[in-house]
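Read the structure below first, then the notes.
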Amino acid sequence: MGENSRAFGSWRLRGGRYEQPGLPVEVLAEFARYERLVVDVARGLYKQRHASRQRVPRGFASSFSLRLSDIRRGSVIPVLERTGVDADALFDDRDAEVFEEARVVIQDALRSIQEGSGIPRNFPPHALREFSRFGRSLRGDEVIEFDSGSPDAVVYTQAVRRQIQEQARLDKFEIETLISGQVVGVSADKGVFEFRLTRGDKVVLGHFSSDDIVPDLKQYLDLSTMAPTVAINAVAIQSIDGEVIEIQDVLSIEPVLPVEWSDRLSELHDLEAGWLDGVGRQVSRKVLREVESLLLEFLDEQVQRPYIYPTEHGGVQLEWPYSAGEVTLTVTVDEKVEAYSFSKEDDRESDQTFHWRQLSEITEFVIGGITEYAD
């Protein structure tokens, strides 16, 4: 193995063409399909853990690369190595092995399908298309053995692939996942609640099987759009495109923003028109929702909490003051974010205007300023 490489599972190809020495050239594309499948599944696992994120970190896909380093005898045994493992620095400890976990999830899904249990809930729906493509080169008398002799061992055949293709065409898919949004209605006697999704502002119906979850749902209940954003660990019905259709059961619920952050937004929400010596527009719920989206992004990227102030014109200002400079964001009523940074050492200024949905670009601006000015 290379100095910066490590084995990534093991394969054994048996039957048909693989009973002869060497690897048929036409099956080389299979390894590229497998690499794409692992990345797709890993992306889904990452998003399941980070419900507030709409994207994976930059460089996510490029941090994973497979190389065919050897072909051994014994039917055909290709040796796959993962290269560039130093890129694990992109992730925190919880996510450092997400690609290895994706490999196991793929094999668990194959085993579940073979046993007649269907695709597991934790398999990311968006990866089904790539899953159905993998194994395209297999012929009827050929199989792929994964991790033979280990607890994760499983066999992949043309028949299993047909089952994947059939299930990948489903319009709806049951999955265990994290969903962020607001609790806007609870009917304890019927075992149902209403949940407004953070993405798209759609309200979906939710069910719960345990009465123990009722106090938590009622704790975060608010009929207004200023209900605190929470993350629900749930069994949900989801479309193949990742849209949540219905929540089947609630496993746990917890707030997404720290209490002091959400409390500050509630304080701004309660300000009445004329709060600034008879002037000062009221901050709308729409602006506060945009600010909350930014704060969720900052929290996910481990950006420290800013000072949060209302502006005279109905916007919200976020400030990060330091001895060497400052970074400021102003969220306006017309969906803009005015970003500004200033160096106290050489009077250097930088300013940009974004649409509030450009979360990653705004976060990059803030992190760049904080990195430069922080003590």
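The figures that follow rest on heavy atoms only: side chains count, while hydrogens, waters and symmetry mates do not.
Partners of E349 under the side chain to side chain donor-acceptor pair (under 3.5 Å) rule, at least two apart in sequence or in another chain, are Y340. For E272, there are no side chain to side chain contact (heavy atoms under 4.5 Å, CB included) partners, not counting sequence neighbours. Taking Q282 as the reference, nothing meets the side chain to side chain donor-acceptor pair (under 3.5 Å) condition, with sequence neighbours excluded. H355 is linked by a side chain to side chain contact (heavy atoms under 4.5 Å, CB included) to E335, R357, Q358, counting only residues two or more places apart in sequence or in another chain. By the ring-ring contact (aromatic ring centres under 6.0 Å, His included) test, F31 is found to be paired with W11, residues two or more places apart in sequence or in another chain being considered. Residues that satisfy the ring-ring contact (aromatic ring centres under 6.0 Å, His included) test with F193, not counting sequence neighbours, are absent from this structure.
Side chains of Q219 and V183 form no contact here, defined as non-hydrogen atoms less than 4.5 Å apart. With contacts defined as side-chain heavy-atom distances shorter than 4.5 Å, the pair F195/V184 does not qualify. Put simply, the side chain of T311 does not reach to within 4.5 Å of the side chain of V283, judged on heavy atoms. Using a 4.5 Å cut-off on side-chain heavy atoms (C-beta onward), L359 and F354 make no contact. Two residues are said to be in side-chain contact when any heavy atoms from C-beta on lie closer than 4.5 Å; L296 and V256 meet this criterion. Within the 4.5 Å cutoff, side-chain heavy atoms of Y34 are placed close to those of L80. Contact annotation: the side chain of P310 approaches that of L271 to within less than 4.5 Å [non-hydrogen atoms, C-beta and beyond]. At a threshold of 4.5 Å between non-hydrogen side-chain atoms, the residues R111 and D108 count as touching.
Salt bridge annotation for R129-D40: absent, with no cationic side-chain nitrogen under 4.0 angstrom from a carboxylate oxygen. Salt bridge absent: K218 and D216 never bring a charged side-chain N and a carboxylate O closer than 4.0 Å. A salt bridge does not link R139 with D141: none of the charged nitrogens is closer than 4.0 Å to a carboxylate oxygen. At a threshold of 4.0 Å, the pair E326-K344 does not count as salt-bridged, since none of the basic side-chain nitrogens sits closer than that to a carboxylate oxygen. Checked for salt-bridge contact, R82 and E35 miss the test: no charged N lies under 4.0 Å from a carboxylate O. R12 and E19 are not joined by a salt bridge, as no carboxylate oxygen comes within less than 4.0 angstrom of a charged side-chain nitrogen. No salt bridge links E260 with R264; every basic N to acidic carboxylate O contact stays at or beyond 4.0 Å. Salt bridge status for R33 with E130: absent, with no side-chain N to carboxylate O gap under 4.0 Å.
Atoms CD and CG, on E142 and L13 in that order, are 8.5 Å from each other to the nearest 0.5 Å. Between the CD atom in Q352 and the CD1 atom in I362 there is a gap of 10.0 Å [rounded to 0.5 Å]. Here CZ of R305 is found 9.0 Å from CG of L295. Values are rounded to the nearest 0.5 Å.
For the residue pair D263 and S266, no side-chain donor N or O sits within less than 3.5 Å of a side-chain acceptor on the partner. Residues E319 and Q317 bring a donor and an acceptor atom of their side chains to less than 3.5 Å of each other. Donor-acceptor pairing under 3.5 Å is lacking for the side chains of N122 and Q48. Under the 3.5 Å distance criterion, with hydrogens and angles disregarded, a donor-acceptor pair is assigned to the side chains of S137 and E30. T229 and Q182 share a donor-acceptor pair across their side chains, judged by distance under 3.5 Å alone. No hydrogens or angles considered: a donor-acceptor pair under 3.5 Å links the side chains of E81 and S69.
Side-chain atoms of T332 never come within 3.5 Å of backbone atoms of G315 as a donor-acceptor pair (strictly under, hydrogens ignored). The closest donor-acceptor contact from the side chain of Y156 to the backbone of F134 lies under 3.5 Å.
Between F131 and F123, the gap from one ring centroid to the other is short of 6.0 Å. F298 and W320 have their aromatic ring centers within a separation under 6.0 angstrom. The aromatic ring centroids of F8 and F99 lie 6.0 Å or more from each other.
When all heavy atoms of G149 and A153 are compared, the closest pair comes out as N-CB, 4.0 Å. Closest non-hydrogen pair, V39 versus A61, comes out as CG1-CB, 3.9 Å. The two residues Q114 and V155 have their closest heavy-atom pair at NE2-O, 2.7 Å. In terms of heavy atoms, V331 sits closest to E290 at CG1-OE1, 3.7 Å.
The environment of Y307 atom OH is sparse: at most 12 non-hydrogen atoms of other residues, nucleotides or ligands sit within 6.0 angstrom. Atom CD of Q20 is surrounded by 12 or fewer heavy atoms from other residues, nucleotides or ligands within 6.0 Å.
Here the options are R67, R72, R73, the test is salt bridge (charged side-chain N to carboxylate O under 4.0 Å, His left out), and the partner is D70; only R72 passes.
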